[in-house]
Amino acid sequence: MDKLSQTLKHNVKIMKSRVTKYAVYGAVIAFVALILATLLSSYFQFGEITLEGIMESQKTNVTLWFLDAMPFIFAFWGQYTSSIMAYEAGTMIIDQTADLRDVTVALEYKAAHDATHDAVTDLPNRVLLLDRVEQAIQSAVLQKNLLGLLILDIDNFKEINDTLGQYSGDRLLKQVVSRLTGVVKKSDTLARLDGGEFAILIQGVVERDNAINIVKKIQKTFTTPFLIEGLRLEVQARIGIAIFPEHGKNGDTIIQRANLALYAAKETSKKYTIYSSQLDKNNPHRLTMMGELRQGIENNELILYYQPKINMLTRSVKGVEALVRWQHPEHGFMAPEEFIPMAERTGLIKLLSIWVLNNALGQAEKWYRQNLKMSISINLSPTAFLDTDLPDMIIGMLSRYDIPANLVILEITEGSMIKDPTLAMEILNRLTSRGIKISIDDFGTGYSSFAYLKELPVSEVKIDKSFIRDMVINDNDAVIVKSIIDLGHNLSLNVVAEGVQDKETVVKLKELGCDELQGNFFSKPLSSGDFYKLRLEKKKQNTAKKY
Ligand code: C2E
Ligand code: MG
Ligand code: MG
């Protein structure tokens with residue numbers, strides 16, 4: 001305040017000195033005018049300018065009396081108005097300075113807020129999260145508590161964003177935030193890191209299980225579909241967990257390890273994973289692998305294995321499912337689960353799908369020429385399924401390879417329909433209009449099974465191996481398998497059981513009327529050479545009941 005009044009005084013002084021100068025000019029001009037008027041008056045009154053004449057004019061000429069007052073009036077008026085003006089100008093400057101200061105403070109606050117918060121959800125961002133984690137570590141050390149850091153990623157957020165548009169993507173994020181806010185405590189920090197990635201810092205954790213309970217609650221909130229623009233979106237999330245001090249002593253390490261756990265959850269298709277040092281060992285290898293996969297595809301390091309599908313009644317091979325593997329130059333033989341999720345995330349899935357389609361159809365053509373007439377089932381990722389080029393590409397391939405379209409079965413999962421049901425339906429219709437068949441893989445594991453089945457142009461369902469595995473010992477699984485078989489038959493679909501591992505399961509499936517069987521009980525997936533040899537042997541033995 002002192003500073004303010006000083007500024008005001010200073011400004012008034014400056015203004016006064018400037019305006020007083022003009023008041024002085026006014027007074028001088030008035031004074032000169034008065035002298036001139038007195039001299040002229042003396043001249044016109046007495047015919048000459050003399051001291052007596054001047055004195056006499058001053059005494060007798062009333063007009064000169066007014067003029068006499070002018071220099072004083074000018075000086076006073078100048079002084080007075082200059083003070084008022086100077087004062088007003090001074091306060092104006094102070095007001096403006098204060099306004100400017102307010103604006104600057106608001107801008108500084110906004111800049112600081114923007115630097116630490118996410119623009120869409122207004123949640124703390126990565127920078128602020130790190131700060132909060134560091135602070136929380138300090139108080140956890142004092143209170144001898146644990147800390148839990150969860151990193152959550154919405155499955156296929158990028159695809160949802162690309163397909164439905166950024167506005168819908170943002171709405172989904174906001175709805176996710178509302179649900180997460182309902183689960184976390186006020187003292188916990190919910191932050192948005194990137195795309196569909198969020199972090200939740202849980203304070204006051206007494207034991208590991210507290211963190212896991214929260215993860216379960218979070219997962220539960222994702223079981224209800226999200227309503228975006230009138231569309232019901234089934235969205236899932238994976239979560240990586242790291243605990244302080246068990247998994248790291250500082251913020252950076254805890255965040256990095258929760259991230260690693262998240263990647264592990266994605267790659268193993270688990271809902272959540274807790275960090276373990278084992279994940280660290282795999283990590284460098286996984287990171288470099290992303291770059292290597294493209295090269296691997298180009299260098300033909302991928303191999304297709306084939307697993308037979310057996311007709312329940314004739315027990316003969318009705319078809320094969322092509323299953324991809326990667327013969328990595330350093331890491332050896334890798335299962336699809338080790339690189340397909342990664343290919344889906346990095347966009348390499350398209351290249352991989354083209355490779356698989358070309359090679360599977362090429363092999364099917366060879367067998368067809370060798371008189372092995374059987375269907376070929378090819379897996380398609382849900383992400384590949386959002387690609388509008390896909391039907392034309394497959395139709396183009398069909399004309400390149402000499403194999404009847406009705407021997408080609410494309411296996412999709414229920415997840416393929418969720419992101420863009422209209423586009424998915426259009427793609428399916430174009431493919432089936434050319435005679436290609438569609439099978440729903442891993443049936444029973446999605447959420448939307450029954451509703452979609454009657455709408456889709458599918459000809460087959462494959463019951464997920466998780467139901468088949470225990471159906472002999474678990475009545476619930478047996479009931480599910482029976483319901484799927486009945487439902488499939490009511491809709492005139494071919495029903496396949498995958499993951500059949502023993503004779504008892506075959507017997508039970510026969511009882512329930514399943515049409516086809518696939519699993520290690522009959523044959524593990526085999527290389528094309530091994531598969532051909534096996535078929536020749538079986539032919540030689542001429543066994544009617546081949547399996
Ligand atoms: P899927 O399409 O459901 O394939 C069946 C999986 O079950 C195969 O695993 C197969 O080896 C395995 N399996 C078959 N019979 C048995 C059994 O009796 N017991 C057990 N425990 N497992 C059995 P695989 O080859 O590791 O493939 C895993 C998944 O990777 C596939 O599941 C499929 O979703 C995906 N995949 C495989 N190849 C491709 C591909 O070319 N493209 C895409 N997009 N995905 C693929
Ligand atoms: Mg499959
Ligand atoms: Mg399957």
Side-chain angles (χ1 to χ4, degrees), residues 156 266-269 293 296-297 301-310 319-327 333-364 375-387 390 394 408-416 437-446 449 458 460-472 481 484 494-506 509 516-528 530-531 547:
N156 303 318
K266 285 184 188 175
E267 276 169 22
T268 51
S269 301
L293 182 57
I297 299 172
E301 286 167 15
L302 301 186
I303 315 164
L304 286 180
Y305 269 46
Y306 300 90
Q307 189 174 37
K309 284 166 74 193
I310 313 296
V320 284
E321 176 177 9
L323 295 158
V324 71
R325 276 97 183 83
W326 184 7
Q327 185 64 54
F333 207 67
M334 287 169 65
E337 265 138 13
E338 288 186 72
F339 59 90
I340 296 243
M342 183 175 81
E344 286 177 342
R345 279 204 308 277
T346 53
L348 270 182
I349 193 67
K350 183 165 181 177
L351 204 65
L352 189 141
S353 304
I354 296 173
W355 187 95
V356 169
L357 281 160
N358 267 315
N359 284 272
L361 292 174
Q363 183 60 59
S375 64
I376 176 105
S377 296
I378 301 169
N379 291 283
L380 277 185
S381 259
T383 23
F385 212 75
L386 283 171
D387 189 344
L390 184 92
I394 297 177
V408 178
I409 304 175
L410 297 179
E411 291 191 6
I412 63 169
T413 54
E414 293 159 81
S416 311
K437 290 184 177 156
I438 304 293
S439 168
I440 308 277
D441 201 357
D442 304 338
F443 191 79
T445 54
S449 322
V458 292
E460 179 183 279
V461 280
K462 290 183 90 172
I463 310 171
D464 190 63
K465 54 180 178 292
S466 58
F467 302 112
I468 304 296
R469 191 184 50 218
D470 297 331
M471 63 177 285
V472 177
V481 171
I484 298 177
N494 190 42
V495 182
V496 183
E498 66 177 8
V500 179
Q501 308 201 84
D502 48 49
K503 199 163 174 38
E504 293 73 40
T505 312
V506 178
L509 283 165
E516 279 179 43
L517 308 166
Q518 181 182 340
N520 293 352
F521 176 67
F522 300 102
S523 166
K524 287 190 169 164
L526 299 169
S527 67
S528 57
D530 286 349
F531 180 79
Y547 288 97

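Both ligands and their constituent atoms are indexed starting at 1 by order of listing. In what follows, every heavy atom counts, from backbone to side chain, and hydrogens, waters and symmetry copies are set aside. In this text, all values refer to a predicted model and were calculated from it rather than measured experimentally.
Interatomic distance, Leu357 CG to Ile378 CD1, rounded to the nearest 0.5 Å: 5.0 Å. Atoms CD1 and NZ, from Ile484 and Lys462 in turn, are 13.5 Å apart once rounded to the nearest 0.5 Å. A distance of 9.5 Å separates OG1 in Thr445 from NZ in Lys465, rounded to the nearest 0.5 Å. Taking CD1 of Ile463 as the start and CE of Met471 as the end, the distance is 7.5 Å to the nearest 0.5 Å. If you take OG on Ser377 and CD1 on Ile438, they are separated by 10.5 Å, rounding to the nearest 0.5 Å. The line from OG of Ser527 to CD1 of Ile303 is 8.0 Å long, rounded to the nearest 0.5 Å.
Between the choices Glu321, Lys524, Gln307, the shortest heavy-atom distance to atom 15 (N) of ligand 1 belongs to Gln307. Within the set Gln501, Lys462, Glu338, Glu498, the minimum heavy-atom distance to atom 5 (C) of ligand 1 is found for Glu498. Nearest to atom 36 (N) of ligand 1 by heavy atom, out of Pro336, Ser381, Gly499, Ala322, is Pro336. Distances from atom 43 (C) of ligand 1 to the heavy atoms of Val324, Ile340, Asp464, Leu357 show the closest one on Ile340.
Each of Glu460, Glu498, Gln518 was compared with Lys309 under the side chain to side chain donor-acceptor pair (under 3.5 Å) criterion, and only Glu460 meets it. Considering Val458, Ile409, Ile412 in turn, Ile409 is the only one that fulfils the side chain to side chain contact (heavy atoms under 4.5 Å, CB included) rule with Ser439.
Protein heavy atom at the shortest distance from atom 28 (C) of ligand 1 is Glu337 OE2, 3.6 Å. The closest protein non-hydrogen atom to atom 3 (O) of ligand 1 is Asp442 OD1, 3.1 Å. In this structure, the protein non-hydrogen atom closest to atom 31 (C) of ligand 1 is Leu323 CD2, 4.2 Å. Among protein heavy atoms, the minimum distance from atom 16 (C) of ligand 1 is reached at Asn520 OD1, 3.4 Å. Scanning the protein for heavy atoms near atom 42 (N) of ligand 1, the closest one is Asn379 O, 3.5 Å.
Residue-and-atom listing of protein N/O/S atoms under 2.8 Å from the Mg ion (ligand 3), sorted by chain and number: Asp441 OD1, Asp442 OD1, Glu498 OE1, Glu498 OE2.
Heavy-atom proximity to Lys465, at under 4.0 Å, picks out these atoms of ligand 1: 6 (C), 7 (O), 22 (N). Less than 4.0 angstrom separates some heavy atom of Gly519 from each of these atoms of ligand 1: 15 (N), 18 (O). Near Asp441, the atoms of ligand 1 lying under 4.0 angstrom from a non-hydrogen atom of the residue are 1 (P), 2 (O), 3 (O).
Using a 4.0 Å heavy-atom cutoff, Arg325 is listed among the residues neighbouring ligand 1. Between Pro525 and ligand 1 there is a heavy-atom distance shorter than 4.0 Å.
In plain terms, the two heavy atoms of Phe443 and Glu414 that are nearest each other are CA-OE2, 3.7 Å. Contact record, Phe339 with Arg325: CZ-C, 3.9 Å, taken as the closest heavy-atom pair. Residues Ile310 and Phe522 share a closest heavy-atom pair of CG1-CG, 3.7 Å. Counting all heavy atoms, side chain and backbone alike, Val356 lies closest to Leu304 at O-CD1, 3.8 Å. Minimum heavy-atom separation, Leu348 to Ile297: O-CD1, 4.4 Å. When every heavy atom of Lys503 is checked against every heavy atom of Phe521, the shortest pair comes out as N-CE1, 3.8 Å.
Restricting Glu321 to its N, O or S atoms, the one at the least distance from the Mg ion (ligand 2) is OE2.
Distances between N or O atoms of Gln518 and those of ligand 1 include no value under 3.5 Å.
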